[in-house]
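Here is the structure we will look at.
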There are 2 protein chains.
Amino acid sequence: MKLSGGVEAALHCCVVLTAATGPVPAARLAQLHGVSATYLAKQLQALSRADLVQSVQGKSGGYVLTRPPEDITVLDVVEAVEGTQSTFVCTEIRQRGPLASPPEACTAPCAIARTMAVADRAWRAALREVSIADLGRLVGGDYDTDVLGKVGDWLVSAEP
Amino acid sequence: MKLSGGVEAALHCCVVLTAATGPVPAARLAQLHGVSATYLAKQLQALSRADLVQSVQGKSGGYVLTRPPEDITVLDVVEAVEGTQSTFVCTEIRQRGPLASPPEACTAPCAIARTMAVADRAWRAALREVSIADLGRLVGGDYDTDVLGKVGDWLVSAEP
DNA sequence: GATCCAATACTCGGATAGTAACTGTCCGAGTGGGAAAGG
DNA sequence: CCTTTCCCACTCGGACAGTTACTATCCGAGTATTGGATC
């Protein structure tokens, strides 16, 4: 039950894209975060497939947010990278063994699956409450200096 | 982000142990659920390490719940099998790259880690709300017949 | 000087190896029960 | 018939392979830039 490490990188990328004025290449994001460029590209592709970011090809291309950061929730990013399937997959143990329940009595999920689903929904609801814009404000409040502004400056200044 | 399959088996075992009058061997539980006996033993060992069940050795030994089922929450079982660590592990990306925050400014978790921690706590809180006794009542309500009673009868009648 | 065109350098995208975690399995250590022998 | 002793069958517990999913990587497809040639 460990969340994929790519989620963290994807969230950082989305926050950084908030401070960008134009498309940012994946290699630039990787350099800024000090992570593997090729692996980060994989996560950004996932974000692209989920229509959270748009890829711009060509010489001065890169990734841009498709929506205002207020309209992108943390849940959107997590589900884009991890997938939308529930954390708990019921294997229908109740239909196995000598005292198996007949399949026609198992139309509804069992009590265990229901309980896990409730918890899963609570987790997702908490992630839906926070937007990327919120994250940007929060990291700004963590330090006295304007971190996001610095990032924006670095993105335009750092040339290959 | 997939929950280990052993959690489902462990929860079923705990519910079944509610209906037992004496120690139940792991092999019996596996036979009842139609799963691999040796693998189920692994999960039961985890429950034993967490002091949720007690192992009784010897000829007519097995596993017994250490507490009344009202005092065992689903979260207890999940944490026993999956571990207590949070689903999100922050790798401190902010401390890497050219614009790295200095370590002395990173005493508190970053905004992303805090957000994920809130969601993690919401998930655990939902699991803490349901006890094994609740699960027993729920599965009883799912079907007209007294499933738990049948299980109890089978446990005492089925001889190797 | 403006326009058109082609070469180019840079971008993303999916297909490809390596590694860690989960799944499934095995055999040894330990213990209570039961049979047998003795009083 | 009761007690003691010993053996044994059955239990759990940790150590051992197989498989899946995650991590990390590579090279090919495509496009805006950019420089030059032309009008």
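When reading the values below, keep in mind they use all heavy atoms of this one structure, side chains included, and skip hydrogens, waters and symmetry mates. Just so we're on the same page: letters track the sequence lines, and every chain starts at 1.
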For R124(B), which of E82(B), E79(B), E129(B) qualifies under salt bridge (Lys or Arg N to Asp or Glu O under 4.0 Å)?
-> E79(B)
Between CG on residue D76(A) and CZ on residue R128(A), distance to nearest 0.5 Å | 8.5 Å
Do you know which two heavy atoms are closest between V53(B) and L44(B), and how far apart they sit?
-> CG2-O, 4.1 Å
Mind checking whether E70(A) and D134(A) have side chains closer than 4.5 Å, heavy atoms only?
-> no
Under a 4.0 Å heavy-atom criterion, the protein footprint on nucleotides 8-25 of chain C, written with B, S and -, is --SSBBBB-------SBB
Should V56(A) and L65(A) be counted in the same cluster of Ile, Leu, Val, Met, Phe, Trp and Tyr side chains packed under 4.5 Å apart?
-> no
Find the distance Q54(A):CD to dT31(D):P and express it as a whole number of Å.
-> 14 Å
